**Student:** 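Quick one: the structure is below, questions incoming.
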Amino acid sequence: MPNIDALIVGAGPIGLFTAFELTRRFHSVRIIDKLFHPSNESRAFIVHCRTLELLALAGLDKEFLAEGVVKPDLKMMTALKNGEIRNFATLKLDNDHDGSEYEFALLITQNKIEEILTRYLESMGVIVERGMQFRDTRIDLTKDDSLVASTIVSSNTHGVQKAEVIHSKYLIGCDGVHSS
């Protein structure tokens, strides 16, 4: 018997949304991230109409819309040496809606997206386990050949590490470009 249905590695927007979707469909999950604290950086800030449609199916669109800024276009500005600010490009953000209810893009920072999704996960009893790093994985033939045995390592702020093996049906990597 697995410890959980899915181990999710990475607590960015994709990992958090994956955990949310699986949990609301009654799957047991653990979500880990190597960072000790959520990032205050934002690598993305535009949510397009198709993503808003998925958020609506999950019942999350209203909170995202309340926290973000609706924009049909984005003006790219530059500051000249003399201090003058000029618009050098305008990007139309509403051209991909193709019949969507959301005929715009939503500007919202990645850290705000993560904050909203984390709050929903916590309300469902799922806590992001921080300071946890994925080490390796293997098929565990001693238990059941359909289970994945993943080793994760927790670190505290003093550098003390503790390894744990988690048995799950699925291992889902959502830890970005430098994926484990």
Side-chain angles (χ1 to χ4, degrees), residues 2-77 87-132 134 148 150 152 166 168-180:
N3 292 351
I4 52 170
D5 291 327
L7 172 62
I8 301 167
V9 179
I14 301 301
L16 292 167
F17 189 71
T18 301
F20 173 80
E21 283 293 286
L22 288 172
T23 301
R24 81 182 188 103
R25 287 174 169 76
F26 307 106
H27 294 282
S28 59
V29 302
R30 280 182 71 180
I31 180 168
I32 65 169
D33 198 275
K34 65 182 173 185
L35 298 177
F36 285 99
H37 305 284
S39 176
N40 59 0
E41 297 176 4
S42 194
R43 295 180 187 97
F45 62 93
I46 297 176
V47 176
H48 292 277
C49 65
R50 296 296 180 225
T51 303
L52 286 167
E53 291 170 352
L54 289 173
L55 292 170
L57 290 172
L60 300 173
D61 59 325
K62 289 177 181 36
E63 183 158 1
F64 276 77
L65 290 168
E67 293 287 343
V69 176
V70 172
K71 295 292 281 185
D73 59 33
L74 182 65
K75 292 182 178 13
M76 306 297 280
M77 310 297 276
N87 178 16
F88 70 88
T90 300
L91 303 174
K92 289 288 185 194
L93 301 175
D94 65 349
N95 60 355
D96 68 344
H97 57 80
D98 196 26
S100 173
E101 171 184 343
Y102 306 98
E103 297 183 358
F104 51 82
L106 182 70
L107 301 184
I108 185 169
T109 60
Q110 181 175 331
N111 51 337
K112 181 54 80 173
I113 291 169
E114 292 173 6
E115 180 184 307
I116 293 168
L117 292 171
T118 299
R119 191 168 52 247
Y120 273 92
L121 278 174
E122 288 173 352
S123 76
M124 296 166 28
V126 177
I127 304 298
V128 175
E129 299 176 55
R130 298 205 166 271
M132 306 285 279
F134 172 78
V148 177
S150 301
I152 61 171
I166 298 172
S168 61
K169 293 178 187 174
Y170 303 98
L171 170 64
I172 305 171
C174 301
D175 48 344
V177 70
H178 301 292
S179 181
S180 299

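Just so it is clear, the model here is predicted, and its values are computed rather than measured.
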**Student:** Which distance, rounded to the nearest 0.5 Å, do you find between the NE2 of His48 and the CG of Leu54?
**Tutor:**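 Rounded to the nearest 0.5 Å, the NE2-CG separation comes to 13.5 Å.
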
**Student:** Check whether Asp5 reaches the backbone of Ser28 with its side chain - one donor and one acceptor, N or O, closer than 3.5 Å.
**Tutor:**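 Indeed, once roles are kept as given, a pair shorter than 3.5 Å links the two residues.
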
**Student:** If you take all heavy atoms of Ile113 and Pro13, which pair is closest and at what distance?
**Tutor:**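 Ile113 and Pro13 have their closest heavy atoms at CG2-CB, 4.1 Å.
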
**Student:** State, with a plain yes or no, whether a side-chain heavy atom of Thr23 is found less than 4.5 Å away from one of Tyr120.
**Tutor:**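 When only atoms from C-beta onward are counted, Tyr120 and Thr23 do not touch, as no gap falls below 4.5 Å.
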
**Student:** Would you say the side chain of Leu7 lies within less than 4.5 Å of the side chain of Val148, judging by non-hydrogen atoms?
**Tutor:** no

**Student:** Quick one: pull up CZ in Phe134 and CD1 in Ile166 and give me the separation to the nearest 0.5 Å.
**Tutor:**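 Between atom CZ of Phe134 and atom CD1 of Ile166 there are 10.0 Å.
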
**Student:** Rounded to the nearest 0.5 Å, what separates atom NE2 in His37 from atom CZ in Arg130?
**Tutor:** 9.0 Å

**Student:** Starting at OH of Tyr170, measure out to CG of Leu22 and round the result to the nearest 0.5 Å.
**Tutor:** 9.5 Å

**Student:** Answer yes or no: is there a side-chain heavy-atom contact under 4.5 Å between Val47 and Tyr102?
**Tutor:**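 No, their side chains stay 4.5 Å or more apart.
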
**Student:** In Å, rounded to the nearest 0.5 Å, how long is the span from CG of Leu117 to CD of Glu21?
**Tutor:**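 Rounded to the nearest 0.5 Å, the CG-CD separation comes to 10.0 Å.
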
**Student:** Where is the tightest heavy-atom contact between Val128 and Ala11, given as atom of each residue plus distance?
**Tutor:**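 Nearest heavy atoms, Val128 then Ala11: CG1-CB, 3.6 Å.
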
**Student:** Does a side-chain heavy-atom distance below 4.5 Å link Leu106 with Val70?
**Tutor:**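 In contact.
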
**Student:** Can you name the residues that form a side chain to side chain donor-acceptor pair (under 3.5 Å) with Thr109, not counting sequence neighbours?
**Tutor:** Asn111

**Student:** In the structure I gave you, are the side-chain heavy atoms of Met132 and Arg30 within less than 4.5 Å of one another anywhere?
**Tutor:** yes

**Student:** What's the shortest heavy-atom distance between Cys174 and Ile8, and which atoms?
**Tutor:** SG-CG2, 4.1 Å

**Student:** Please round to the nearest 0.5 Å and tell me the distance separating atom CE of Met124 and atom CZ of Arg24.
**Tutor:**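 So the CE of Met124 and the CZ of Arg24 are separated by 8.0 Å.
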
**Student:** Should Thr118 and Leu121 count as side-chain neighbours, where that means a heavy-atom distance under 4.5 Å?
**Tutor:** no

**Student:** Is there a side-chain contact between Glu53 and Leu57 in this structure, where contact means two heavy atoms from C-beta onward sitting under 4.5 Å apart?
**Tutor:**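 Answer no - side chains too far apart.
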
**Student:** Determine, step by step, whether Phe20 and Leu60 satisfy the side chain to side chain contact (heavy atoms under 4.5 Å, CB included) criterion, reporting the C-alpha distance in whole Å, the side-chain angles of both residues, the deciding distance to 0.1 Å, and the verdict.
**Tutor:** CA-CA 11 Å; Phe20 173 80; Leu60 300 173; 3.8 Å; yes

**Student:** Between Glu122 and Arg119, is the closest basic N to carboxylate O distance under 4.0 Å?
**Tutor:** no

**Student:** So which of Val126, Ile172, Thr18 actually passes side-chain contact (heavy atoms from CB on, under 4.5 Å) with Ile31?
**Tutor:** Val126

